[in-house]
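The block underneath contains the structure these notes are about, expressed in structure tokens.
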Amino acid sequence: MTDNPVAREIVGYLLVRGGVHVMAYAKALEKLTGVEMTKMLPIPNLENKAFSETRKFEEKGLHRAIYRFSPNDYKEIDKIWNGVHPEDGQPLYVKDGPPEGAPIPDLEEKPEMFSPGLSSEEIEELAARLSRNI
């Protein structure tokens with residue numbers, strides 16, 4: 001636990017947005033299988049009411065929104081993300097575009113700086129060697 005207000009704010013936001021994705025996965029499974037997941041599995045209580053840092057994000061309705069970064073992405077998400085939120089009975093909605101916040105920077109591409117792996121050149125070389133041996 002931390003008293004740092006910035007860390008608490010970030011964790012509050014992440015709890016709310018993480019809950020959206022948990023619910024989206026459950027709704028997708030229910031649509032695909034016809035099984036009410038909450039009745040089939042012992043799912044823990046994921047409500048954020050115990051955390052004061054989540055309140056302002058839920059008051060903005062962020063627990064009911066799923067984002068689609070362009071109208072061409074996930075065109076049929078509204079077939080899953082619909083109805084009302086189980087905690088407050090308010091309607092779920094799909095929002096086109098990223099969440100509001102700071103502008104998204106257009107950064108230059110960086111090769112694998114922090115994760116180990118092969119470079120694209122090494123992969124091409126390996127593929128060429130493998131294809132010669134087949």
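Computed from heavy atoms alone, side chains included, the values below leave out hydrogens, waters and symmetry copies.
Applying the salt bridge (Lys or Arg N to Asp or Glu O under 4.0 Å) test to every pair with at least one member in residues 3-18, sequence neighbours left out, gives these pairs: Arg8-Glu53, Glu9-Lys56. Among residues at least two apart or in separate chains, salt bridge (Lys or Arg N to Asp or Glu O under 4.0 Å) pairs with a member in residues 60-86 are Arg68-Asp96, Glu76-Lys79. Within the structure, ring-ring contact (aromatic ring centres under 6.0 Å, His included) pairs that include any residue of residues 16-66 comprise Tyr13-Phe57, His63-His85 (at least two apart or interchain). Applying the salt bridge (Lys or Arg N to Asp or Glu O under 4.0 Å) rule to pairs touching residues 19-29 yields nothing, sequence neighbours excluded.
Pairing each heavy atom of Tyr67 with each of Pro98, the nearest pair is CD2-C, 4.0 Å. Nearest heavy-atom pair across Asn48 and Val16 is ND2-CA, 3.7 Å.
In this structure Ala28 satisfies the side chain to side chain contact (heavy atoms under 4.5 Å, CB included) test together with Ile80, sequence neighbours excluded.
Cluster membership for Ile66 and Leu62, using ILVMFWY side-chain heavy atoms within less than 4.5 angstrom, is not shared.
Once rounded to the nearest 0.5 Å, the distance linking CG of Asp88 with CD of Glu58 reads 7.5 Å. How far CD1 of Ile77 is from CG of Asn82: 9.5 Å, rounded to the nearest 0.5 Å.
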Side-chain donor-acceptor pairs of residues 29-36 under 3.5 Å, sequence neighbours excluded:
residue: Glu30; atom: OE2; partner: Met37; partner atom: N; Å: 3.2
residue: Thr33; atom: OG1; partner: Leu29; partner atom: O; Å: 2.7
residue: Thr33; atom: OG1; partner: Val35; partner atom: N; Å: 3.1

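For OH of Tyr74, the number of neighbouring non-hydrogen atoms (other residues, nucleotides, ligands) closer than 6.0 Å is 12 at most.
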Requested in this report: Please lay out, stage by stage, how Glu100 and Lys95 fare under the test side chain to side chain contact (heavy atoms under 4.5 Å, CB included).
Outcome: CA-CA 11 Å; Glu100 292 177 18; Lys95 184 163 173 126; 4.1 Å; yes

